[in-house]
Every structure is written in C-alpha cells, then in structure tokens.
Q: 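Following this message is one structure expressed as structure tokens.
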Amino acid sequence: MSNKIRTRFAPSPTGYLHVGGARTALFSWLFAKHHNGEFVLRIEDTDQERSTDEALQMQLSDLKWLNLDWNEGPEAGGEYGPYRQSERLGIYQECVQKLIQEKKAFHCFCKNSDLETKMEALKKAGLPMHYDGTCRKLSQEEVAVRLEGGEKAVIRFHVSQEKDYVLDDLVRGEVSFPSSMVGDFVILRSDGMPVYNFACAVDDHLMKMTHVFRAEEHLSNSLRQLMIYEAFGWEVPRFGHLSLIMGEDGQKLSKRHGATSCNEYKERGYLPEALTNYLTLLGWSSPSGSEILERELSVKEFDGTRINSSPAIFDEVKLTWMNSVYLRNLSDQELWKRVEPFIAKEKIEIYDDLAWREKSVGVLKTAMETLHDAVDLYRLLSDNLFKVSEKGKETLEWDSSQGVVEKWMDLISKMPNTFMTSEEFEGFQEEIKNSCGVKGKFLFMPIRVAVIGHPQGAEMKQLAPLLKKSSLLDRAEYCLGEM
RNA sequence: GACCCCUUCGUCUAGUGGCCUAGGACAUGUCCCUUUCACGGACAAGACACGGGUUCGACUCCCGUAGGGGUCGCCA
C-alpha cells in the first residue's frame, strides 16, 4: 500500500493547456491509472509575472474537458498540499536554510549587470558560461552585514562535486551528464520565490512522486535536480522524458503552426475522446496495434513501456480522421449532448421545435456518418456559420450549376415556410432534372452545395428536410452570389 | 560554441540479429458501391539518413559522419 505509484502533472498557469502539455498529463494519468496509483496536479506558479488565476482556471477546465481527473491538487485537496507552489514558500525557505547550513548553498549579491559582463568575457574566451563563485567565499558575518544593510541576495546552489550524474530514464535508458555542464545555479530568487529546478525537486520528493513524466526540454534540467536530490540525500523518482511534439515543418510546435491549444480544438468541435486518443498514439504505440483506443483500453495497455524517444510531428489530418470515427460512433443521446449547447449558443430558435428534434435525431445520425468534425455539423445547423467550401465553389463554377440552383430556389420558394419531407425533396429533384436536363452529379452536387455548402455528405433527401424553407432560400441565394 | 537527445514510407508507427519480399494507420491514386459526392469495400504506390565495423547473417549491436531537436535565465 505504501508503495503506491504516484505521478503528477505540473503546469504553470500562463495560458491555455497546450497539446504537448496535454499529452504529458495524459501519459502521467494513464500510467497512474494503469498501476492503480494516484495522479496529482501541482501548479507551478512561481513566476509571478506570467502566472494568472484566469490561466489557472483555463488549465483546469481543459484538463477536465479531456477527462483527466486528479486525486490530489487544487480543488481536490490532499494530504501533501498545498498544491500551488506560491503557497509553499515556507517549505522552500526551510529547505534552503538547511542547504545553507550545510554549506551546499550560499547567498549571492552579484549584480545582474556585473554577471552579464563576466559572461560575455567567458563566452569570448570560449569558456563555459558559469558563475565565477565570487560570493561563495563570503563569510557568514559578511553576509549578515550586507543583508542588514538591505542588500538583496539570491541563493545559489554550490556545485562542488566533479563527477558524472547518471539518470535512468524510462524512455531513453541511461543518460549521463558531467557536472561541469552547470555552474552554481540560483535556487531562490531575491524576492524569495524558488526557481523551477529547486521547487520541482523539493515538491516531487515531498509529494512522494514515484514517476515523473515531463517533456524532453527538461532533460538537461535533470542534472540540476539530480544534484539537489543528492544534496538532501533524497531518493530520486523515476523520470520519463517525452520527446517533443513538432509542427509540420519539424520545428517545435508553436502558434504559427495553427491550433496548438486544446481549447482551440474544443472550440472547433473536436471531441475530447478523439483528441486524447490521437495524443495517446503520438509517441506511444499500443501492443495490440489498435488505432482506435477507448480510454479503458489505453489504461489497460499503458504500462510505461513502448514510449517512443524520437520527436513526433502533430498531424491534424489524422486527428480529424480520428474525430470523424468518434463522431460516427456517438449514440443519439451523446450526439444531442454535444449539439444542444451549440444550438443554445447560436440561438437557433427554429430548432427548439420538439417535433423537429425528434425527427432529426435519426437524420442527424446519418448526416454524421460523413462529417469529419463537429464544425461541419454546426455549419449544417447554423445559418450564421454557413459557408461554401473550396470544393463547393468548384462545383458552383460548372456551367449547369446556375440553372440547377435557380430552379431549386424557384421550387422551394413556392413551399410553405416549414420543413420539406424526403418525398417532397425527391419530387423537386425530379423536376429540376427534367427542366434543366441534367442528372447524376451535375444534378446532386449543385443542390448539395446550395444546402450545406460542400459537395460531400449524407443523402440529400435526408439533409434537406433538416432545414426550414427560409434557411434553404438564404443558402441558395448566397451560392448564387458566389457564382 | 559546449553538453545532451533523436534519425524506418509524406505523417504517426511496428520491428529488440535470421520470422522482413520491412507490417499497420492517416494522407494520396485507381476500381467497386452510390442517379452525385462522402461513408463502406478492394487494390496500388511509398521508408530502414550515410559510411565503416562486429557477425555465417544486420532495420536491429558498436564507432564515425551528416541532418534535426533540446538545454545552457532571479522562465517553466
């Protein structure tokens, strides 16, 4: 019981949850669940400049949306709290004092400007840009006097040993770093806030973490943390450094690659289960080889092995495919759960009609079978979101299209302002066929574009009855304008 | 620049010395289904970065080279 597996996700609240962060959280969560362990959420908000409560709320809600719940953390509480680093300052102070007493850390009064010039010089000389140790020699008395005098000091960790530190990484195996890689590094800022590497190590130990999954950008940081663990004589948790997620150009995924936050995908109508399924397979592979992995199965299979050590490019096309699979598998109730808030948000009053709602569930289901992302569905329902896709525009450029769309408008304008039936649609279609002398795709595709803005989708006789006459007319007219 | 990590189809990956004529998924192309398109089905095309070893035998092990990425902050 005491050897329970414990993992954590430790975001800093500076914005929406990034897909990379989401994957780290997901892997940690899966690993904990697989081993019947605990997953804790810790907030690394020691950067007062950038951390905001608003961002914290965004992170929490994104995590909830992804269905990653935590046993301990903000809101949930727990016996190793508090779970916001800004509320743990006393703990860090105590730890720092201990290091100072043991001469493993020291006060440093060096001015930033001085440090910078020294670093410049070192760089020019081709030497490693390490702290030169000026303040290391200060006596206790000198420190006390300068502190009395109101001078601000940071606390630096004293890197004293000349040796290699070895890390047995869950993903990469043994990795070793020479201690000469770093100089005496800051662990406590002059304002009393701990620095990442210090707070992280202290908290991971105090919160009894057994396994730590984090992004590869932290791999080099591990050296500093290893030193801290050693200084305290603490047992080191097992680390797993996940390779980075890249954009299409092979560069680290960033804003210029388009959507990078979970929230953006949420807004665009992606299902959380599709996103997590996609992320599960980005850098990890299922032993059963399955691509569509329900959460339960991933928990069963995710044991911390089979994690890929090479960087992966985020492929939105595959994500979209996966989303379409989940969309199609939604039950009627689930489908409504997704569509309803949207209808409310867009104020689509005509669809509050109960009869329509009942009749349309089945039809919508059919429509879903061809949709790739829920935005398509929303577009189908909302006149405000209606637009003509690129392929739709191509269709409208056909010579025969204009006649078809005009005839279509002519016919629907004569019907009462309500919904047509499938039979009525078939009648209209027959009339257009005879009057315009077109059939096959030259008949169906222009009508389709005039209804849903895109030449692909479910059967027209099912789609058209979903929309009221006024909507159909507006859309057709809009298409005429596009010709 | 120093240190660390990475390198199989366009993309995500399987592969742990012979099972590989390198497998799957997405994307692409062709065909079937469909009075259209999509969905579904079938098929096709498409990769072990390079050079040396080790070995009877290397995608798999070792060493180089090249390329990519990361870290060198009072950011995380």
Side-chain angles (χ1 to χ4, degrees), chain A residues 10-14 21 44-47 49-51 85 108 110 112 115-116 119 123-124 126-130 152-156 167 169 171-172 175-178 180-183 185-197 199-200 214-224 241 243-244 246 248 250-252 278 281-287 289-292 306 308-322 324 328 366-372 391-392 395 429-430 433 438-449 454-460:
Chain A
S12 54
T14 57
E44 311 221 318
D45 56 352
T46 55
D47 185 350
E49 303 269 301
R50 299 198 302 149
S51 303
Q85 290 187 324
C108 170
C110 292
N112 261 143
L115 253 21
E116 270 168 36
M119 291 305 160
K123 193 177 177 183
K124 260 193 195 138
L127 294 166
M129 300 197 287
H130 293 164
K152 290 273 185 197
V154 300
I155 308 298
R156 283 181 186 276
L167 177 70
D169 195 88
V171 180
R172 288 152 219 281
V175 182
S176 97
F177 312 90
S180 59
M181 238 171 97
V182 297
F185 54 93
V186 175
I187 55 177
L188 202 69
R189 290 180 253 217
S190 50
D191 63 0
M193 277 288 174
V195 156
Y196 166 74
N197 284 114
C200 183
R214 48 154 79 132
E216 193 199 321
E217 55 193 348
H218 292 296
L219 188 55
S220 311
N221 284 149
S222 301
L223 171 60
R224 291 180 174 81
H241 287 92
S243 53
L244 266 10
M246 311 299 221
E248 278 165 288
Q251 300 293 112
K252 195 174 162 187
Y278 176 72
L281 257 14
L282 199 60
W284 178 78
S285 60
S286 155
S290 322
E291 294 276 337
I292 299 301
R306 306 178 68 86
N308 214 111
S309 55
S310 51
I313 292 173
F314 191 85
D315 182 6
E316 200 175 281
V317 175
K318 186 156 183 177
L319 202 213
T320 302
W321 164 77
M322 206 162 255
S324 73
R328 276 175 228 134
T366 318
M368 296 296 283
E369 286 179 12
T370 60
L371 301 176
H372 284 250
K391 280 188 178 171
T395 304
Q429 162 219 317
E430 207 48 44
K433 183 176 165 184
V438 293
K439 57 179 182 175
K441 67 177 184 177
F442 296 102
L443 170 65
F444 281 85
M445 283 173 64
I447 302 178
R448 182 185 294 287
V449 174
H454 191 62
Q456 306 175 338
E459 285 212 56
M460 286 310 300

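Given the structure is predicted, the values throughout are model-derived calculations rather than measurements. Chain naming here is simple, since letters A, B, ... match the order of the sequence lines and numbering starts at 1 in each. Only heavy atoms go into these numbers, but all of them, side chains included; no hydrogens, no water, no symmetry mates.
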Q: Under 3.5 Å for both donor-acceptor distances, Watson-Crick or wobble: does B:rA76 have a partner, and if so which one?
A: none
Q: Starting at CG of A:L167 and ending at P of B:rC5, how long is that distance when rounded to a whole Å?
A: 10 Å
Q: Walk me through it: do A:E216 and A:L244 pass the test side-chain contact (heavy atoms from CB on, under 4.5 Å)?
A: CA-CA 6 Å; A:E216 193 199 321; A:L244 266 10; 4.2 Å; yes
Q: Taking only the P atom of each, what is the distance from B:rC50 to B:rU8 in whole angstrom?
A: 11 Å
Q: Ignoring the backbone of A:R328, work out which of B:rC74, B:rC12, B:rG40 is nearest its side chain.
A: B:rG40
Q: Could you tell me whether A:R306 contacts a base, only the sugar-phosphate backbone, or nothing, with contacts defined as non-hydrogen atoms closer than 4.0 Å?
A: sugar-phosphate
Q: Report the distance from atom CD of A:E248 to atom P of B:rU11, rounded to the nearest whole Å.
A: 11 Å
Q: List in chain and number order the residues that pass salt bridge (Lys or Arg N to Asp or Glu O under 4.0 Å) with A:R50, two or more places apart in sequence or in another chain; answer none if no residue qualifies.
A: A:D47
Q: Applying side-chain contact (heavy atoms from CB on, under 4.5 Å) to A:K433 and A:E430, what does each step give before you reach the verdict?
A: CA-CA 5 Å; A:K433 183 176 165 184; A:E430 207 48 44; 4.1 Å; yes
Q: Take atom CZ of A:F314 and atom C1' of B:rA27, then tell me their distance rounded to the nearest Å.
A: 15 Å
Q: In whole angstrom, give me the gap between the P atoms of B:rC32 and B:rC37.
A: 11 Å
Q: Does A:F442 have any ring pair (Phe, Tyr, Trp, His ring centres under 6.0 Å) partners at least two apart in sequence or in another chain, and if so, which?
A: A:W398
Q: Please give the distance between the P atoms of B:rU65 and B:rA2 as a whole number of Å.
A: 12 Å
Q: Mark up nucleotides 65-73 of chain B, 5' to 3', with B wherever a protein heavy atom is under 4.0 angstrom from a base atom, S wherever such an atom reaches only the sugar-phosphate, and - elsewhere.
A: ---SBBS--
Q: Assign A:S176 to base, sugar-phosphate, or nothing according to its heavy-atom contacts below 4.0 angstrom with the strands shown.
A: sugar-phosphate
Q: Between B:rA22 and B:rA44, how far apart are the P atoms? Round to whole Å, please.
A: 14 Å
Q: Using Watson-Crick or G-U wobble geometry with both distances under 3.5 Å, which nucleotide pairs with B:rC59?
A: none
Q: Rounded to whole Å, how long is the line connecting atom NZ of A:K439 with atom C1' of B:rC37?
A: 17 Å
Q: My understanding is that only residues two or more places apart in sequence, or in another chain, count here; which of them pass salt bridge (Lys or Arg N to Asp or Glu O under 4.0 Å) with A:K318?
A: A:E291
Q: May I ask you to say what A:V154 touches in the nucleic acid, namely base, sugar-phosphate or nothing, with a heavy-atom cut-off under 4.0 Å?
A: base
Q: Ignoring hydrogens and angles, answer whether the base of B:rA25 and the side-chain atoms of A:K318 contain a donor-acceptor pair closer than 3.5 Å.
A: yes
Q: So which nucleotide from B:rA27, B:rC37, B:rC74 ends up closest to the side chain of A:M445?
A: B:rC37
Q: Send over the distance from A:W284 CH2 to B:rU13 C1', rounded to a whole Å.
A: 12 Å
Q: A:V182 and A:F177: side-chain contact (heavy atoms from CB on, under 4.5 Å), yes or no, with the steps?
A: CA-CA 10 Å; A:V182 297; A:F177 312 90; over 6 Å; no
Q: What's the closest nucleotide to the side chain of A:K441 if the choices are B:rC6, B:rA76, B:rU36?
A: B:rU36
Q: Provide the Watson-Crick or G-U wobble partner of B:rU7, both distances under 3.5 Å; none if there is no partner.
A: B:rA66
Q: Please give the nucleotide sitting opposite B:rA45 as a Watson-Crick or G-U wobble pair, both distances under 3.5 Å, or none.
A: none
Q: For A:S243 and A:P178, take the nucleotide of RNA chain B holding the closest heavy atom to each; which residue's nucleotide lies nearer the 5' end?
A: A:P178
Q: How would you list, by chain and number, every residue that makes a ring pair (Phe, Tyr, Trp, His ring centres under 6.0 Å) with A:Y196, sequence neighbours excluded?
A: A:H218
Q: Let's test your reading of the model: under 3.5 Å, does the base of B:rC6 pair with the side chain of A:S309 as donor and acceptor?
A: no
Q: Does the structure show a Watson-Crick or G-U wobble partner for B:rA14, both distances under 3.5 Å? Name it, or say none.
A: none
Q: Select base, sugar-phosphate, or nothing to describe what A:T46 touches, counting heavy atoms under 4.0 Å on all strands.
A: sugar-phosphate
Q: Write down the partner of B:rG40 under the Watson-Crick or G-U wobble criteria, each distance required to be under 3.5 Å.
A: B:rC32
Q: Expressed as a whole number of Å, how far does the C1' atom of B:rG29 sit from that of B:rG46?
A: 11 Å
Q: Quote, to the nearest angstrom, the C1' distance that separates B:rG15 from B:rU7.
A: 15 Å
Q: Measure the CG-CG distance between A:D315 and A:L281 for me, rounded to the nearest 0.5 Å.
A: 12.0 Å
Q: Indicate, with a heavy-atom threshold strictly under 4.0 Å, whether A:R448 touches base, sugar-phosphate, or nothing.
A: base
Q: A:E44 and A:S51: which non-hydrogen atoms are nearest, and at how many Å?
A: O-OG, 4.5 Å
Q: Using a heavy-atom cut-off of 4.0 Å across all strands, would you classify A:E291 as base, sugar-phosphate, or nothing?
A: base
Q: C1' atom, B:rC9 versus B:rA27: distance in rounded Å?
A: 12 Å
Q: List the residues meeting side-chain contact (heavy atoms from CB on, under 4.5 Å) with A:P128, not counting sequence neighbours, and say none if there are none.
A: A:H130
Q: Select one nucleotide: of B:rC6, B:rU11, B:rC4, the one nearest the side-chain heavy atoms of A:I313.
A: B:rU11
Q: Take atom OH of A:Y278 and atom C1' of B:rA27, then tell me their distance rounded to the nearest Å.
A: 12 Å
Q: Let me know, please, whether A:G283 or A:A153 comes out on the 5' side of the other along RNA chain B by nearest nucleotide.
A: A:G283
Q: Write down the distance separating the C1' atoms in B:rC48 and B:rG1, rounded off to the nearest Å.
A: 33 Å
Q: Taking the six-membered ring for Trp, does A:W321 stack with B:rC26 (centroid gap under 5.5 Å, planes within less than 30°)?
A: no
Q: For A:N308 and B:rU8, what is the distance between atoms CG and C1' respectively, to the nearest whole Å?
A: 11 Å
Q: Would you mind reading off the distance between A:I292 atom CD1 and B:rA25 atom P, rounded to a whole angstrom?
A: 12 Å
